[in-house]
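Reading through the structure tokens given below for one structure.
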Amino acid sequence: MADIIHITDPSAPELAAYAHLNENQLRHYYEPTPGIFIGESPNVILRGLDAGYEPVSLLTEEKYIETEAAPIIERLGAVPVYTAPLPILSQITGYHLTRGILCAFRRKPLPSVTDICRGARRIAVLENIENPTNVGAVFRSAAALGVDAVLLTKDCSDPLYRRTLRVSVGTVFQVPWTYFPGSWPEEGLSLLRGLGFETAAMALRDDTVRIDDPKLHAAEKLAIVLGNEGDGLAAKTIADCDYTVRIPMAHGVDSLNAAAAGAVAFYELCRK
């Protein structure tokens, strides 16, 4: 049965995860074991629970206890549920909540690249994508369009950041993902080749193949590599990939942002 606790003091220490800790501090909350993250909105929280993430606590606006938060609360057991009117919630979080339901979850240990690529046919590789919104949008497209796994280089934004989860609508929980160990692109691309993947760099170059080229569709295993929002893919990454792939465009437009390019690439290259 849920333990519902009515909050009157926004500075209560048990609310630190929601009030005082930044994303990096949350990530290291239980160091050396994995930390925690905050999910926001019913869809995100329910998908986190469905994916087996352990809830630590819930923070919700009072009016949602018997409505939108009710299906969540039913699944929490003895996990504490903190509740307050919206003005106090806004003081706690430091911003106005459009959907006043937050849940703190424990992180899980990350799987290995080999584990999440086992049985995969199409994977996405994100190189140094720093914007949480873009990472969230890529995951949403990956889930919708049939990508089997997402791999990230170490400088990518964390898929479990609150904004990333919100933009992805919780689909981060539905697509297996992990970070590359070691160096990128040297060790990372070598690892992918050892797992049988051909690699396709999405880049603006003259020596490219069209995204609908039959060679790409014929690849038994294909890794679709997307680059940084501003700089695109590193020159060495492009040089070391098996293909450099372009999306034909009109009206003199020279490029799409990372999330849009990912959606187009996933739609075209994940079709069976």
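Just so you know, these numbers come straight off a predicted model, no measurement behind them.
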For V169, the rest of its hydrophobic cluster, which grows through side-chain links under 4.5 angstrom: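 Answer for V169: none, a lone residue.
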Co-members of I238 in a cluster of I, L, V, M, F, W and Y side chains, linked at under 4.5 Å: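 Other cluster members: V113, I116, I123, V125, L151, F180, W184, L189, L191, L192, L195, F197, V225, L233.
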Derivation and outcome, side chain to side chain contact (heavy atoms under 4.5 Å, CB included), residues V138 and F266: CA-CA 10 Å; V138 169; F266 302 158; 4.0 Å; yes
Residue pairs fulfilling side-chain hydrogen bond (donor to acceptor under 3.5 Å, both in side chains) with at least one residue in residues 135-150, sequence neighbours excluded: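 For residues 135-150: none.
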Residue pairs passing the ring pair (Phe, Tyr, Trp, His ring centres under 6.0 Å) test where at least one lies in residues 104-131, sequence neighbours excluded: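 Non-adjacent pairs meeting ring pair (Phe, Tyr, Trp, His ring centres under 6.0 Å): F37-F105.
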Pairs where residues 130-139 contributes a residue and the test salt bridge (charged side-chain N to carboxylate O under 4.0 Å, His left out) is met, not counting sequence neighbours: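 Passing the test, one end in residues 130-139: no pairs.
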Sequence neighbours excluded, every pair satisfying salt bridge (charged side-chain N to carboxylate O under 4.0 Å, His left out) that has a member inside residues 181-201: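 Non-adjacent pairs meeting salt bridge (charged side-chain N to carboxylate O under 4.0 Å, His left out): R193-D242.
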Within 6.0 angstrom of Y267 OH, more than 12 heavy atoms from elsewhere: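 For Y267, atom OH is not crowded (no more than 12 foreign heavy atoms under 6.0 Å).
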Could I get the full list of side chain to side chain contact (heavy atoms under 4.5 Å, CB included) partners for [X], not counting sequence neighbours?
{"X": "P71", "value": "none"}
{"X": "K215", "value": "V209, D213, Y243"}
{"X": "A234", "value": "E127, T237"}

side-chain hydrogen bond (donor to acceptor under 3.5 Å, both in side chains) partners for D158, two or more places apart: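 For D158 the side-chain hydrogen bond (donor to acceptor under 3.5 Å, both in side chains) partners, ignoring immediate neighbours, are R107.
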For E31, side-chain hydrogen bond (donor to acceptor under 3.5 Å, both in side chains) partners two or more places apart: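 side-chain hydrogen bond (donor to acceptor under 3.5 Å, both in side chains) check on E31 returns H28.
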Side chains of R47 and T171, donor plus acceptor under 3.5 Å: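 Short answer, no.
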Candidate pair E268 and D212, rule side chain to side chain contact (heavy atoms under 4.5 Å, CB included), full reasoning: CA-CA 7 Å; E268 177 65 33; D212 56 356; 3.7 Å; yes
Please list every donor-acceptor pair under 3.5 Å in which a side-chain atom of residues 48-55 meets a protein atom from a residue at least two apart or in another chain.
| unit_1 | atom_1 | unit_2 | atom_2 | d |
| --- | --- | --- | --- | --- |
| D50 | OD1 | R75 | NH1 | 2.9 |
| D50 | OD1 | R75 | NH2 | 2.9 |

Any side-chain heavy-atom pair of L58 and I45 under 4.5 Å: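 They are in contact (side-chain heavy atoms under 4.5 Å apart), so the answer is yes.
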